[in-house]
Amino acid sequence: MQPSTDLLGRPLTPVETELLDLYHRLKALLERDDLEPCARAAVRNALAALWNGVNDLALEHEQLIDLGV
Amino acid sequence: MAASECWNPKAETASRDELAALQLVKLRRLCEWAAARSPWYRESFRQAGFEPEQLKTLDDLRRIPMLTRDQWMASQAEAPPFGRLPVAGPEAAIRYHTTSGTTGREPLRALDSAKDWAWQAEMWCYGLWGFGVRPADVAYVAFGYGSFIGFWGLHYGLEKIGTLNIPGGAQTTESRVKQIVNFGATVVASTPTYALRLAQEAERLGIDLADSPVERLILSGEPAGSIPQTKGLIERLWGAKAGDTAGMTEIGTIMIFECSHQPGGTHIIEDHFIEEVVDPASGEPVGYGEQGERVVTSFGRGIMPLLRYRTADLVCKVPASRCTCGRSFDLYEGGILGRVDDMKLVRGTNVYPRAVEGVVREFPMVEEFQLLLTRDAAMLDRIALRVELPPDAGDDTWPEIRDALAKALAEAHEGLRFEVERAAPGELPRFELKARRTVDQRDQPIGA
C-alpha cells in the first residue's frame, strides 16, 4: 500500500506520488532474480539516483544495502 | 528568494519546526539501523544504556554516546582495515577512500555503497547550485583524483547538475592554468591555497585571470575559504566570486556551503545532517554565537553510520536569519574557524594560524609563507614568519614589507614579537590539497 503522506505526515503531491511509486517499482525489480547483469546494473544505478530524490523530498528514508545499492 | 536558487526548495525553505521533525524521524531510523547492523554501535549503545526507542524529541540526541576519531582509529587497528563501524564488508561497497594523510597519521578508511556514493554527489549539488552553478557552466576541477576523497563528490555533483565537467587531474599547475583559459572554464574548484597558486602561475605566464570567463570558484579543504582577507585576495586575482564549502572523509562529502548571497558564513545542510556545537572540554552544548566544537550526525552514509562524531573543528553557529537568501538552514559564521587544537601558546599569547593568515593575506606580494615555532637554548619560545616573495621582487622592497608584516602581526597578537624572515624563491612547500603552514618544533631537542 503506497503511503499518501510524506515522512512528516504532509499529503503527497501528484508528482511526489509518482516519484515514490517509481522508487518502489525499482526496488521490486531489483528483488527479482531473472535480471540480466546489464539490466540489474541499470536498475541499481537508477535506484541509487532516485533514492536521493525521495530522500530529499522527505518521502522515504531507508537503507538499501540489502539490495546491493 | 526565487525557488530556483535552491537545489531542494522543499527542505531548504522548510520551517525550523519541520526541519527538526524531519531530523528526528531520520535520527530514529539511523539509530535503529546502526543498532541492528553495526558491531561498534551495538556495543556503544549497550554500554551507554541507550536504545533508539528513547528518542522522543531531538533533545534525546544527547543520550547517544559521542564518537571520537581516536575511537574510530582504535577500532580500525583492532579490526583492520575498516574497523567495527561498518554494517557490511567491502563486498557491499563500490568505493574505498581515505583521509588525506597530511598529518602523517595512519589514514582513516571509508567505504561507500552505490547509494552512499550517489548521496555524496547530491550534497555537493546543494552547495554548487546554491552558489549559482548551472548546467550552462563549464567547470574545471583542479584536483589530483586519488584515494583522498577531496573533490570526488563535487565531480559527480557537477555531472548530476548537467555542467560540462573538465577533470584537471595529473597536470602541472602551468597546464591547469592553460586548460582553464583554453577550455573557457566558468567555474573552478580547488583548495583556497591552490586557487592562489594558480593565480600566481597565471601571472608568471602573463595571463590575467580576471579577463578569463571564470565567474565562480568553489573552495574546499581548508578554512581559508572563509578567511575574509584570503577570500578577498582570491576574488581580486581571479575577478570572480569565491564560495566556501567544507566536508570531511568521515562523512564522505560536504555538510556546509556558502550560498550566492555570500553572507560571511556557510549554510548547514540540515535535512541531511544534525550539527551540534559543544564546549570542547565539557561536551555541553553552546548557544548561537558562541564558538565550540562541531559534532556531526550524518543521515546519508548507510554503510558506515556516523552518530555524534566529534570533529575537532572549531565553529560558531548563527541562525538562518543572518543570511538574506531565505533558506531556513542555520549557518556557521566564518565557516570552519580552525581546529580545536590548532591554537598555539607563545610566550603567554594565543596564536591562531587562521589569524596569522588573515594578516599575511593583506600583503599580496607574499607568495607563500610558513609559521615556524622553535625554542631557544634559554627555553624561550620563538615565533618566526618565513615568507616567500616573487622571484623578481627586488631586495629594496623587502625591508618595508618585513617591517609592515612584523608590525601588523604584533598588533594582532597583543604585541607579541614575530621574527619575519625572507625565504628563497621555491624554498617553502607548496600545497595542492590541505596546506600545512604551521611547523611547531618546540618539542624537538635543541640542535636537532
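To find a chain, count down the sequence lines: A is the first, B the second, and so on, and within it residues start at 1. Keep in mind it's a predicted model, so treat the numbers as computed, not measured.
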Quiz item: In Å, rounded to the nearest 0.5 Å, how long is the span from CD1 of I303(B) to CG of L64(A)?
Solution: 12.5 Å

Can you name the closest pair of heavy atoms from [X] and [Y] and give their distance?
{"X": "G302(B)", "Y": "Q63(A)", "value": "CA-OE1, 3.0 Å"}
{"X": "H61(A)", "Y": "F299(B)", "value": "CE1-O, 3.2 Å"}
{"X": "L22(B)", "Y": "L8(A)", "value": "N-CD2, 3.5 Å"}
{"X": "A48(A)", "Y": "A118(B)", "value": "O-CB, 3.9 Å"}

Which atoms of [X] come close to chain A, meaning under 4.5 Å heavy atom to heavy atom: side chain ones, backbone ones, both, or neither?
{"X": "E18(B)", "result": "both"}
{"X": "A92(B)", "result": "side chain"}
{"X": "W33(B)", "result": "side chain"}

Exercise. Pick one of side chain, backbone, both or neither for D6(A), based on which atoms fall under 4.5 Å of a heavy atom in chain B.
Key: side chain

Exercise. Report the C-alpha distance between L67(A) and K115(B) in whole Å, list the side-chain angles of each, state the deciding distance to 0.1 Å, and finish with yes or no for side chain to side chain contact (heavy atoms under 4.5 Å, CB included).
Key: CA-CA 10 Å; L67(A) 289 173; K115(B) 182 272 285 175; over 6 Å; no

Quiz prompt | Qualifying residues under salt bridge (Lys or Arg N to Asp or Glu O under 4.0 Å), relative to D330(B), sequence neighbours excluded | solution = R16(B)

Practice problem: Spell out the residues in residues 16-34 of chain A that have some non-hydrogen atom less than 4.5 Å away from a non-hydrogen atom of chain B, in order of number; otherwise answer 'none'. | Solution: E16(A)

Practice problem: Please indicate whether R28(B) has more than 12 foreign heavy atoms, meaning atoms of other residues, nucleotides or ligands, lying under 6.0 Å from its CZ. | Solution: yes

Self-check item: Whether over 12 other heavy atoms sit under 6.0 Å from Q2(A) CD
Solution: yes

I'd like a table of donor-acceptor pairs (distance under 3.5 Å, sequence neighbours excluded) in which one partner is a side-chain atom from residues 149-162 of chain B, with atom names and distances.
from: W152(B); atom 1: NE1; to: G146(B); atom 2: O; distance (Å): 2.8
from: H155(B); atom 1: ND1; to: Y145(B); atom 2: OH; distance (Å): 2.9
from: H155(B); atom 1: ND1; to: N165(B); atom 2: ND2; distance (Å): 3.2
from: H155(B); atom 1: NE2; to: E159(B); atom 2: OE2; distance (Å): 3.2
from: K160(B); atom 1: NZ; to: E122(B); atom 2: OE1; distance (Å): 2.4

Quiz item: H272(B) and D56(A): side chain to side chain contact (heavy atoms under 4.5 Å, CB included), yes or no, with the steps?
Solution: CA-CA 8 Å; H272(B) 291 267; D56(A) 281 0; 2.9 Å; yes

Quiz item: Do K10(B) and L59(A) come close enough that some side-chain heavy atom pair is under 4.5 Å?
Solution: yes

Quiz item: Using non-hydrogen atoms and a limit below 4.5 Å, what part of residues 52-61 of chain B faces chain A?
Solution: none

